Amino acid sequence: MRLSEADSARLAGALPQAPTYLQDGTTVLSWLNTRDHKRVGVMFLASVIFFFFIGGIFALALRMKLLQPGPYLIDAVSYNRLFTLHGVVMIFLFLIPSIPSAFGNFVLPLMIGARDVAFPRLNLASFYLYLAGAAITIWGMLQGGADTGWTFYTPYSSTTPTQVLPILLGVFVVGFSSILTGLNFIVTVHTLRAPGMTWMRIPLFVWGIYATSIIQILATPVLGITVLIVAVERFAGFGMFDPARGGDPVLFQHMFWFYSHPAVYIMILPAMGVISETVSAFSRKNTFGYKAIAMSSLGIAFVGFFTWGHHMFVAGQSTFNAGAFGILSMFVGVFTAIKVFNWVGTMYRGAIAFKTPFAYICGFLYFIVFGGMTGVALATTSLDIHWHDTYFVVAHFHFIMVGASVMGFLAALHYWFPKMFGKTYPEGWGLVAASLIILGFNATFIPQFLLGNYGMPRRYYQYPEHFQALHVASTAGGTLLGFGFLIILIYLTIALIWGQRSESNPWGSKGFEWLSASPPPTHNFDELPTITQMPHDYRTHEPPGVLHVA
Amino acid sequence: MNELLRRLLFLPDQASTFARDIDQLHYFVIVTTFVMSTAVGLTTLFFFVRYRRRSETQTTPHIEPTWWMELGFIGTPLFFFMLWFFLGFREFVRQQTPPSDAIDVYVMAKKWMWKFAYPDGPNAINVLRVPAGRNVRLLMTSRDVIHSFYVPEFRIKQDVLPGRYTQTWFNAVQPGRYQILCAEYCGAGHSIMRGEVIALKPQEFEDWLSQQRRGLVARQDSSPTGLDFAPALGNLVDQGRRIAAEQGCLKCHTTDGTRHIGPTWLDLYHRREKLQDGSIIDADEAYLTESMMEPTAKIVAGFQPVMPSFQGKIAGPEVAALVEYIKSLQSDVVRTGPSEGPAYAPIRGR
Ligand code: HEM
Ligand SMILES: [Cu+2]
Ligand SMILES: [Cu+2]
């Protein structure tokens, strides 16, 4: 890696500092009309955090109701609407865009040494499509919301009298945002890499986002078609999924899961990318098995397309299909395991600093192992008969989607906070919140595994009384979890406004995103850096200025 | 050991021939999961303590895994996952293939009740009587949306689809009562769409079946089941219908809209009823209850005050059942009755 002369000169104080992307235009319009990938990323970040809290409030309301087995606080239909909105908001408005659209937009061009994404205008359009989809969804919620669950199973969804159409439409529009962002990233990675950045020098976060993008552009159109057909079925009585009109309800499930299983990898691959970066940065060690991690991302993206039937073992598919989908699901588990071993290997003979992001790395590793192994357990077919559609499944996917993905999101948020805003967050509070979250998370979802074993079906407003103790435990854990997130929101807001100015590379990281100043100037680099080595090479020490290796 | 693990994991009783085998695999899977995650956790902890950062300028060597390490990383999980899969799939195939000597019961699910029909006659609602120790095959279909037949103690579950039949089977190892739950989300009453499997001694089952064939009323089915939850909606309505017949309400009231000694019950709920004294009243639950307990308090215009009071003759739960039954009598909703095919109208414009 060599710095351009202009950059070195600027560092030495010979040239005036270029304004950071935050200073370059401070009017609201300059943000709303920006083409800068960093500003788009920040706007996405603010939006997904907003929706995370909305979804969180729905979750707490659900947990409060579940304190009592009988009717309590809200009625059955409101409960059903709440869990639907919780799922839709968390999955489509928070988790899917979270890491790719917020952090991917911000750091991906920096990491590959580009001045922006390939299509900056399209990037902004993607943000507005997301907002439009979110607005339609919110409008639908205000109209009363749907009560179908985020899975929209037909023929229930084609016949329920609740407001399904606006929610479907919102999901449809947000899908386009996802497709455009994916397309943009793929083209960016192919065409805008800095000189010297061969495919085997691409940072692993970029590999993760790249694999995610492939899924986004291949799978999301199928979701679009599927929700559109449901909409037309409701709207015009078109009989595609509804048997009363000659349709096939199981066809819906095939189409839905053909998107939604790959979509769970849209949610986890970027988080895996974050962990690959941070585990190296905080262990100050080169990535153990770089190629294995990079290729397993592609492997997951590929095999992930052929496992959807594991959601339908008891839905009436043939025994042969169940077997085939079961085996294929095992392979996805193996790819995940490869990554886990390599992350742990990265720590070997490293120099580990236990900072907040590292706490989240530990949480992530534990949640992905437990969540992933329970996923594999679900794919063993016979066990799934008992577990399917019980709280066991709920606990499995929360372990991965909240346990692992949200830990990745929080690791990224803390690791890149100085990069994005040039401020430091309070480390002590960071660790307090991290421990509260990891503890609260376990207290919330371990009882749910046991509930599932015990036979408690999901989406139950009322439940037999013998399940109550475990439900109460879960609600108690959920409260802790909620406090944890609230603490983060508070200290990061304070840090953002009053926080201490941070160094350009406070972690001494050798990830390529630190090749630019923090916060970066509008066009990232005056002259593109030339890459001469792998990311995260810690054979030499790095002072905390802008990353450069003489 | 089995019992200890079963309790630790909160698994329900093992009441079918599969349950024990499935649990055995469950224990194996859980133990491997725990061993693996503990191993990963301890290794991380060890590395963390051993390789703490000692100085801010510390550098580290460049280390790459050897090929045999990568092979181990792939091989170990692959071996265990495949082992799990083959053990599991063997059981799954067994579960998917009903034996040829099984007795058949037809199951019809609808919002929000289960209806069981035996090939040679009797019908039952929400209560499935089977002989213990015999293979029973269920042939299931739905009248409206997708439901799922789930008996935790048997470790069986099968989606019930409209427009086609699905099947499952079980063999209850001993007499007892086991809860049926609906496991596929089906709307407002999903969580109370419950029923019960009653496994009888083979002889008792035969007796019951022949009694049924002899035309004795299917009354037992509706007797309170002693379960720890509120009876399902469908069940309550059904109980109401039976009580109405037993108590003779139907001698004076009709349910088809025609006028008899008393006003018809069809569309009675929330009807704006004109009373003798000229006032108009909303026929809500309170009014319906009052009409049974103190019929003369409010007399409907155009009728004689001939209805006897049922104070002390029918108890609280029965009143509730009657009220539910009356509420269910709406001319614009689906009626219960023999299978009529999927029963809902397309909704337009929403
Ligand atoms: C390690 C590989 C994984 C395997 C083998 C696996 C397996 C499974 C299986 C078999 C089910 C179906 C359970 C049932 O409905 O009965 C399931 C459900 C689910 N999984 Fe995974 N899973 C894996 C990873 C993930 C990841 C990475 C995510 C998300 C980030 C995820 C999210 C979900 C969700 C959301 C559901 C439930 C969907 C619903 O019914 O609402 N899984 N998984
Ligand atoms: Cu899946
Ligand atoms: Cu249901």
Side-chain angles (χ1 to χ4, degrees), chain A residues 76-77 149 155-156 159 161 165 237 243-244 249 284-286 288-289 292 314-316 319 323 326-327 330 333-334 337-338 341 344-345 347-353 365-366 369-370 373 376-377 380-383 385-386 388-389 450 453-455 457 459-462 464-465 538-541, chain B residues 9-12 22 25-26 29 33 37 40-41 43-44 47-48 51-53 57-63 65 70 73-74 77-78 81 84-85 88-89 91-93 95-96 145-146 148 152 155 157-159 161-163 166 181 183-186 188 190-192 228-229 342 344 346-347 350:
Chain A
V77 177
Y156 188 77
T159 52
L165 265 194
R284 215 169 254 185
K285 248 298 288 307
N286 69 303
F288 195 69
V314 303
T319 309
I327 288 206
M330 300 296 159
V334 172
I338 295 174
F341 291 131
V344 176
M347 297 176 197
Y348 173 64
R349 297 185 60 191
I352 299 171
L365 283 177
Y366 158 71
V369 170
F370 217 86
M373 303 263 295
V376 176
T380 54
T381 58
S382 72
L383 292 177
I385 297 175
H386 179 57
H388 175 69
D389 267 333
L450 299 175
N453 280 350
Y454 211 177
R459 299 178 174 167
Y460 258 31
Y461 169 66
Q462 295 182 49
E465 258 157 38
Y538 293 99
R539 277 172 292 195
T540 54
H541 168 64
Chain B
L9 293 171
F10 280 80
L11 286 163
I22 288 190
L25 178 61
H26 187 157
V29 164
T33 302
S37 44
V40 170
T43 317
T44 316
F47 284 173
F48 170 61
Y51 302 115
R52 253 171 335 182
R53 190 172 296 180
T57 54
Q58 198 176 341
T59 57
T60 57
H62 182 94
I63 304 174
E70 292 294 6
F73 291 170
I74 299 173
L78 190 64
F81 294 172
W84 290 3
F85 177 78
F89 193 59
E91 198 60 35
F92 183 77
V93 171
Q95 222 267 305
Q96 293 288 305
V145 300
I146 302 177
S148 190
R155 312 285 189 274
K157 181 182 292 122
Q158 175 64 50
D159 283 7
L161 303 166
T166 53
L181 301 159
E184 182 63 63
Y185 175 68
C186 56
H190 169 53
S191 68
I192 49 172
D228 62 345
F229 53 83
Y344 40 84
I347 290 166
R350 252 202 274 205

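Proteins get letters first, then strands, A, B, ... in listed order; numbering begins at 1 in each. These figures come from a predicted structure and were not determined experimentally. Just so it is clear, the values below take in all heavy atoms, side chains as well, and ignore hydrogens, waters and symmetry mates.
If you tally non-hydrogen atom pairs under 4.5 Å between each of A:Pro249, A:Gly149, A:Gly323 and chain B, the highest count goes to A:Gly323. Most heavy-atom pairs under 4.5 Å with chain A, from the set B:Val93, B:Thr44, B:Thr166: that is B:Thr44. Most heavy-atom pairs under 4.5 Å with chain B: of the set A:Val369, A:Val334, A:Ile338, this distinction falls to A:Val334. Contact tally against chain B (heavy-atom pairs below 4.5 Å) for A:Ala351, A:Gly326, A:Gly455: the top residue is A:Ala351. Among the candidates A:Thr380, A:Thr381, A:Leu450, the residue making the largest number of heavy-atom pairs closer than 4.5 Å to chain B is A:Thr381. When the candidates A:Gly345, A:Gly289, A:Ala337 are compared by the number of heavy-atom contacts under 4.5 Å with chain B, A:Gly289 comes out ahead. Your options are B:Val29, B:Leu9, B:Thr43, and the one with the most heavy-atom pairs under 4.5 Å with chain A is B:Leu9. The most heavy-atom pairs under 4.5 Å with chain B, out of A:Ala76, A:Ala292, A:Gly350, come from A:Gly350. For the set B:Ala188, B:Gly88, B:Pro77, the entry with the most heavy-atom pairs within less than 4.5 Å of chain A is B:Gly88.
B:Pro152 and A:Tyr454 get closest at one heavy-atom pair: CB-O, 4.3 Å. In terms of heavy-atom proximity, A:Met373 sits nearest to B:Trp84 at O-CZ3, 3.8 Å. The two residues A:Pro243 and B:Gly163 come nearest to each other via the heavy atoms CB-CA, 4.4 Å. B:Gln158 approaches A:Gly316 most closely through the heavy-atom pair NE2-N, 3.8 Å. A pairwise comparison of heavy atoms in A:Tyr156 and B:Val145 identifies CA-CG1, 3.7 Å as the closest pair. Annotation for A:Lys285 and B:Pro61: closest pair CD-O, 3.5 Å, computed over non-hydrogen atoms.
Qualifying side-chain hydrogen bond (donor to acceptor under 3.5 Å, both in side chains) partners for A:Ser382, counting only residues two or more places apart in sequence or in other chains: none. Shown here are the ring pair (Phe, Tyr, Trp, His ring centres under 6.0 Å) partners of B:Tyr51, two or more places apart in sequence or in another chain: A:Tyr348, B:Phe47.
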#### Entry: Intermediate values then yes/no, side chain to side chain contact (heavy atoms under 4.5 Å, CB included), B:Leu181 and A:Tyr460
CA-CA 10 Å; B:Leu181 301 159; A:Tyr460 258 31; 3.5 Å; yes

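Side chain of B:Lys157 to main chain of A:Val314: no donor-acceptor pair is present (N/O by atom type, distance under 3.5 Å, no hydrogens or angles). Formation of a donor-acceptor pair under 3.5 Å by the B:Ser191 side chain with backbone atoms of A:Gln462 is found in this model. When atom types are taken as modelled, the side chain of B:Thr60 and the backbone of A:Arg284 share a donor-acceptor pair closer than 3.5 angstrom.
Residue contact with chain A, scored on non-hydrogen atoms closer than 4.5 Å, involves the side chain of B:Leu161 exclusively. In this structure, the portions of B:Glu91 lying under 4.5 Å from any heavy atom of chain A include both its backbone and its side chain.
Annotation: side chain of A:Ile385 is not in contact with side chain of B:Arg155 (no heavy-atom distance under 4.5 Å). Contact check for A:Tyr366 versus B:Val40: no side-chain heavy atoms found under the 4.5 Å cut-off. Counting only heavy atoms from C-beta outward, the side chains of A:Phe341 and B:Pro65 never approach each other to under 4.5 Å. Side-chain atoms of A:Thr319 and B:Phe89, non-hydrogen and from C-beta on, do get closer than 4.5 Å to each other.
Environment of CZ in A:Arg349: sparse, with no more than 12 heavy atoms of neighbouring residues, nucleotides or ligands closer than 6.0 Å.
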